[in-house]
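Taking it in order: structure first as structure tokens, then the write-up.
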Amino acid sequence: MINEAENKKLIQPNIGCTIFEGTSGSTGISIAMIAKAKGYNAWIIMPDDQAKEKYQLLEKLGATVEKVKPASIVDKNQFVNLAKRRAEDFGKNKENNKKKLIATGFFTDQFENLANYLAHYQGTGPEIYRQTNGKIDALVTGAGTGGTIAGISRFLKPLIPSLKVILVDPPGSGLYNKVKHNVMYSPYEAEGTRTRHQVDTIVEGVGINRMTENFNMSTGMIDDAIRVTDEEAIAMARYLAKEEGLFIGSSSAINCVGCVRVARKLGPGHRIVTILCDSGQRHLTKFWNDEYLKQNNIYPKEEEGLNFIK
């Protein structure tokens, strides 16, 4: 997304240009890293209920972090909408007197910017195909912006017609029903049932209740959807840390739960691909915090939570 903005002359390095994004954390951290490496500033706007180490890491990377209350996308102060407005306002009258160049603001717009989808169509999809020699039976992954599942599936499906693409979705997201019934709806949206906010789950960084341009690129590519509970995601993450030494975050955990279900359905001898897209290091204060989980009544007993894995 940043390379494309440079190619279009929307930003120039080392003159004070600032990159803005609304994010639950992971994309913002990547933007902050790349911005510093390429000579830009980063301004990241996030919901104020994310794991605090995400904010801390962004600040250590030199980004400006602005926290806002979680809100629906129709709210002008929702974190994505606010990032767009901040970028539009930033460049006004910000002249670099020494070079006579304007320091612009650029909104990366990860949800709607198709450079997101293209990165996976041109990069991740071919990488997976090479590493597996094209021998894949199923792709199993969640969707935040939708760029990953759309880009990979659009690359792989024409090459592997038998490939099954399975969306994994957390509580509170409407994508499961969109795939299964072509209706964007989550039961958490029913009147009187919402307890925290729109995507009511301990899983961060995945799931959404609107169609994005990136997810639209997956139209006709997704064969089925699986809904994963918070308890299953937590149990899977603990299991992988204990048995495999893999310390994963919540988005990766739901992907792995989805893989177990698909593997049981397909049976032995099949190859399933997924994405481990986040580390547990960014989820220490919520997803990996037993006290926090117990306070929210979502921490399962280990023996019960692992039954579905065994």
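Residues take their numbers from the sequence shown, with the count starting at 1.
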For Lys286 against Gln50, the heavy-atom pair lying closest together: CD-C, 3.9 Å

Heavy-atom closest pair, residues Gly125 and Phe155: C-CD2, 3.5 Å

Flag side-chain contact, heavy atom, 4.5 Å: Val165 against Leu163: yes

Main-chain N/O of Gly22 paired to Gln110 side chain as donor or acceptor, under 3.5 Å: yes

Validation row: Lys67, Ile45 side chains within 4.5 angstrom (heavy atoms): no

Any donor-acceptor pair under 3.5 Å from Asp223 side chain to Ile166 backbone: no

Side chains of Val168 and Val140 in contact at under 4.5 Å (non-hydrogen atoms): yes

Flag, side chain of Glu53 to backbone of Thr285, donor-acceptor distance under 3.5 Å: yes

Test applied, side chain to side chain contact (heavy atoms under 4.5 Å, CB included); reference residue, Thr23; option that passes from Ile44, Ile31, Leu58: Ile44

Close side-chain approach of Met236 to Val260, heavy-atom, < 4.5 Å: yes

Thr108 and Glu21: side chain donor to acceptor below 3.5 Å: yes

Shortest non-hydrogen contact from Met33 toward Leu61: CG-CD1, 3.6 Å

Shortest non-hydrogen contact between Ser251 and Val203, atoms and distance: N-CG1, 4.3 Å

Short side-chain to backbone donor-acceptor contact, Thr18 and Ala42, under 3.5 Å: no

Side-chain (Arg85) to main-chain (Lys76) donor-acceptor, under 3.5 angstrom: yes

Ala115 backbone acceptor or donor facing Asn113 side chain under 3.5 Å: yes

Phe247 and Trp288 aromatic ring geometry - parallel, tilted or perpendicular at 30°/60° bounds: tilted

Cation-aromatic face contact Arg238/Phe287, 6.0 Å, 45 degrees: yes

N/O donor-acceptor pair under 3.5 Å between Asn255 side chain and Leu276 backbone: no

Donor-acceptor side-chain pairing of Thr145 and Asn116 below 3.5 angstrom: yes

Co-membership, hydrophobic cluster, residues Ile2 and Phe107, 4.5 Å side-chain: no

Heavy-atom closest contact (Met221 atom, Ser153 atom, distance): CB-OG, 3.4 Å

Asn81 (side chain) donor-acceptor with Asn77 (main chain) under 3.5 angstrom: no

